[in-house]
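Scroll down for the structure; my scribbles are underneath it.
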Amino acid sequence: MTNSSSAPPPARGTFEVLGACPHDCPDTCSMVTTVQDGVAIKVHGNASHAHTGGALCTKVSRYTERTYHPERLLQPLKRSGPKGSGRFEPVPWEEALTDIAARLKAVAAVNPQAILPYSYAGTMGQVQGEGMAGRFFNKLGAAELDRTICASAGGEALTQTLGCKVGTKIEFFAESALIIIWGSNSIASNLHFWRHVQAAKRNGAKIICIDPRKTETADKCHVHIALRPGTDAALALAVMHELIHNDWLDHDYIAQHTVGWEPVGPSAGLKARALEWTPERTAEVCGITAEEIRALARDYGETCKAGKPAAIRLNYGLQRVRGGGNAVRAITCLPALTGAWKHRAGGALLSASGAFPYDDDALALPELRTGGAPRKINMSTIGDDLLKTDNAGAPLVQATIVYNSNPVAVAPDSGKVVKGFAREDLFTVVLEHFQTDTADYADYILPATTQLEHWDIHGSYGHTDVLLNRPAIAPQGQARTNTQIFRDLARHMGFTDACFAEDDLTLARAAFGKSVDFDVLLKQGYFTLPMADAPFAEGAFPTPSGKCEFFSQRLQDTGQDGLPDHVPNFEVAASGDRFPLAMISPPARNFLNSTFVNVKSLRDIEGQPLLEIHAADAAVRSIASGDIVRVFNQRGSYRCAAEVSPRARPGVVHGLGVWWRKLGLDGSNVNELTSQNLTDMGRAPTFYDCAVEVERDSP
Ligand SMILES: Nc1nc2c(c(=O)[nH]1)N[C@H]1C(S)=C(S)[C@@H](COP(=O)(O)OP(=O)(O)OC[C@H]3O[C@@H](n4cnc5c(=O)[nH]c(N)nc54)[C@H](O)[C@@H]3O)O[C@H]1N2
Ligand SMILES: Nc1nc2c(c(=O)[nH]1)N[C@H]1C(S)=C(S)[C@@H](COP(=O)(O)OP(=O)(O)OC[C@H]3O[C@@H](n4cnc5c(=O)[nH]c(N)nc54)[C@H](O)[C@@H]3O)O[C@H]1N2
Ligand SMILES: [Mo]
């Protein structure tokens with residue numbers, strides 16, 4: 001292991017460097033890189049970090065393959081063909097930076113708000129995320145990106161209900177007597193949580209999975225409830241109905257620590273609402289049986305009533321529909337009804353990110369911004385926004401700098417996204433490791449360093465440790481860190497503020513302020529935040545009322561229903577309709593969103609883009625496994641191979657993973673079909689609220 005100072009690793013010899021997995025995943029692993037004579041020869045999980053437990057997932061175990069990939073971008077590139085042709089020629093850094101600055105200055109001279117930064121969680125690192133970029137765009141006076149593409153519906157729902165984004169500590173699930181995995185494929189997307197489930201299972205816990213798809217996680221649970229997408233709030237309300245009917249409620253906890261069970265002003269209260277959701281009515285809506293609902297409520301109610309811990313692991317899968325916020329609210333009301341929060345192994349967990357004292361302002365320095373509040377542009381409607389004009393008739397977005405994201409592949413309604421990025425008058429700069437679908441549309445592609453080549457600091461949304469990442473090797477080729485690229489651009493723009501000279505370690509130290517002991521981080525690579533074992537055992541919810549808010553005055557004040565309800569999908573797929581099948585497109589196990597799709601060993605495991613379809617739906621369409629099918633709706637059409645699969649329920653098809661468009665059959669992916677409709681809360685996308693029809697493609 002390298003010493004605990006911040007000195008760079010030596011160029012000769014064999015040694016290990018402590019880092020952090022950079023990916024958008026709740027696990028945030030402590031990653032150790034073995035370096036031999038300046039070359040990273042392998043990565044492995046840190047055995048002394050409890051949440052990592054010495055193991056990385058299959059895909060991140062291939063991180064060196066990704067870093068030394070022959071197609072890695074190693075020099076700046078300038079477009080040499082038509083927009084989107086993917087044709088580029090190498091240019092020196094200085095020439096690229098000078099030209100980019102000139103183009104940005106020209107736009108900024110008229111309206112800096114026509115410049116849009118577009119970024120997400122390609123790296124979860126605070127330094128290579130908004131570290132220097134935030135300063136640059138504030139100083140420039142650019143538009144601000146509303147970062148909604150992943151978690152904002154569920155995040156807002158948690159805030160409205162519990163007051164913050166915290167919940168049951170992930171490690172305590174090992175002690176639960178009942179675990180409900182609700183809308184999450186843990187084995188694929190939260191592998192280190194699954195270890196705790198296995199431990200609980202060995203101790204006799206019952207494990208229930210609620211998911212339209214029979215996932216590899218569902219395979220290993222005692223019960224699988226395959227409901228229709230977008231019907232989770234109805235199911236949660238029916239569980240409440242049964243908790244009332246059988247008196248499995250914790251009346252004390254409800255009286256002391258909740259608001260809105262009984263009527264509040266004109267609101268009838270959650271109890272009255274739940275009584276409307278009989279198992280029979282709910283079974284119709286969810287496409288399951290009333291007995292499945294009664295059994296679920298019995299398992300939950302009786303476990304809690306017996307004083308045993310019951311915990312719900314919900315994740316973001318179920319919030320990608322119109323009523324996603326309401327669904328998260330309804331589910332997170334359940335532990336307050338049964339008093340499950342009283343146990344450290346009871347309650348619910350969606351996200352732990354609220355435990356982290358992120359000091360975003362110390363990084364982005366909003367005081368650099370002069371002029372009024374920035375124009376906000378929602379990243380989930382980038383398709384429409386790139387095609388819009390402002391009040392003066394000028395294009396809303398005239399220049400965009402994309403980093404840590406691949407919007408052409410991951411944003412919904414990609415027909416429009418592509419049309420927007422293809423605009424000849426849009427100036428696009430992409431900071432990347434690879435020539436992604438988005439990079440194909442760039443005017444300039446700037447080569448960025450990977451996690452093995454830079455400093456960073458990470459929070460998590462699954463556990464409550466801060467992790468430090470050290471560079472293990474020198475930047476490859478001419479690659480520069482995101483921070484260095486923004487420092488260089490600042491200099492070329494003529495920004496002379498001292499903050500643009502700060503180095504990455506200074507930014508890392510600022511990211512969480514004094515609440516994190518940086519010496520501990522330098523020494524052991526992680527720092528555990530203090531957090532109560534059972535955060536809501538005594539109530540103390542950080543909401544305006546101090547209680548778990550079944551009824552939210554704040555929501556009602558914005559014109560919404562103050563109580564959670566079942567909000568039907570925008571696109572309820574029903575037989576006989578033009579688009580009778582519901583399509584969901586959850587993550588593939590061996591990719592991380594669209595990252596790793598170009599790593600051949602991982603792509604070989606996933607095979608090819610597939611559409612999973614139930615045998616009955618396939619039979620009426622004369623579709624057999626391996627047939628090429630056309631999946632289509634009013635927005636577009638997409639071709640891929642079909643797999644007649646027991647993982648699909650009738651009426652629902654699955655297009656797994658965010659494949660690179662250019663690796664699909666006709667240069668497109670599932671987002672050709674998804675819509676730009678937004679969720680009830682948090683302005684988030686509705687990827688899994690998407691009706692389609694499927695036909696066998698004519699040979
Ligand atoms: N291997 C891998 N890991 C990942 C990712 C990845 O791409 N690959 N992505 C990362 C990211 S960015 C995120 S946000 C997290 C996501 O983490 P999760 O939210 O846990 O996502 P998934 O594991 O796909 O689980 C979503 C599950 O919800 C199901 N689902 C879809 N619609 C509904 C519905 O209406 N109701 C219910 N109950 N279930 C529904 C899907 O079938 C899927 O199995 O995972 C992260 N981890
Ligand atoms: N149909 C459908 N679409 C989805 C989803 C879905 O479930 N279904 N999931 C959605 C979700 S949850 C999310 S979070 C989004 C994710 O969307 P994105 O955040 O765009 O994630 P990725 O596709 O992984 O792309 C990240 C890119 O960042 C680059 N990158 C990584 N590290 C660095 C770095 O240090 N510097 C620079 N410059 N670049 C870097 C990677 O090479 C990669 O190309 O996708 C969404 N899209
Ligand atoms: Mo995400």
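Numbering of ligands and ligand atoms starts at 1, following listing order. The model shown is predicted, which means the values in this text are computed figures rather than measured ones.
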Distance under 6.0 Å and angle within 45° of ring axis: R320 vs F687
no
Using a strict 4.0 Å threshold on nitrogen-to-oxygen distance, state whether D27 and R195 make a salt bridge.
no
Can you sort out which atoms of ligand 2 are near G122, meaning under 4.0 Å from one of its heavy atoms?
26 (C), 28 (O), 31 (C), 32 (N)
Between N593 and ligand 1, does any nitrogen or oxygen pair lie at a separation below 3.5 Å?
yes
Give the atoms of ligand 2, by number and element, whose distance to some non-hydrogen atom of E432 is under 4.0 Å.
27 (C), 28 (O), 29 (C), 38 (N), 41 (C), 42 (O), 43 (C), 44 (O)
Any Y461 heavy atom less than 4.0 Å from ligand 1:
yes
Backbone or side chain, does any N or O of F591 fall under 3.5 Å from an N or O of ligand 1?
yes
Short N/O distance, under 3.5 Å, between N590 and ligand 1?
no
Close-contact set for ligand 2 against H454 heavy atoms, below 4.0 Å:
35 (O)
State whether the shortest distance between N or O atoms of R213 and N or O atoms of ligand 1 falls below 3.5 angstrom.
no
For R320, state whether at least one heavy atom is located under 4.0 Å from any atom of ligand 1.
yes
Looking only at distance, does G317 have an N or O less than 3.5 Å from an N or O of ligand 1?
yes
So, R72 and E453, do they make that salt bridge, N to O below 4.0 Å?
yes
On the six-membered ring of F596, is R62 placed so that its NZ or CZ lies under 6.0 angstrom from the centre and within 45° of the ring axis?
no
Is the closest N or O pair between T436 and ligand 2 shorter than 3.5 Å?
no
Heteroatom distance test (L318, ligand 1): nitrogen or oxygen, under 3.5 angstrom:
no
Return the closest protein heavy atom for atom 40 (C) of ligand 2 as residue, atom name and distance.
N404 OD1, 3.5 Å
If the contact criterion is a heavy-atom separation under 4.0 Å, does R228 count as touching ligand 1?
no
Heavy-atom distances under 4.0 Å are what count here, so tell me which part of R66 touches ligand 2: side chain, backbone, both or neither.
side chain
With a 4.0 Å cut-off on heavy atoms, is G657 in contact with ligand 1?
no
Residue, atom and distance of the protein heavy atom nearest atom 44 (O) of ligand 1 read D211 OD2, 2.5 Å
Given A188, S184, S189, which one has a non-hydrogen atom that is nearest to atom 17 (O) of ligand 1?
S189
Can you figure out which of P586, G154, G183 has its heavy atom closest to atom 26 (C) of ligand 1?
G183
Give the atoms of ligand 2, by number and element, whose distance to some non-hydrogen atom of N671 is under 4.0 Å.
1 (N), 2 (C), 3 (N)
Should C25 be counted as touching ligand 1, given the test is an N or O pair under 3.5 Å?
no
Does any N or O atom in V670 lie less than 3.5 angstrom from one in ligand 2, N or O only?
no
Which protein non-hydrogen atom lies closest to atom 5 (C) of ligand 1, naming both residue and atom, and how far is it?
L592 CD2, 3.6 Å
Looking at ligand 1, does any of its N/O atoms fall within less than 3.5 Å of an N/O of I584?
no
Please compare L227, N315, N185, L350 and report which has the shortest non-hydrogen distance to atom 18 (P) of ligand 1.
N315
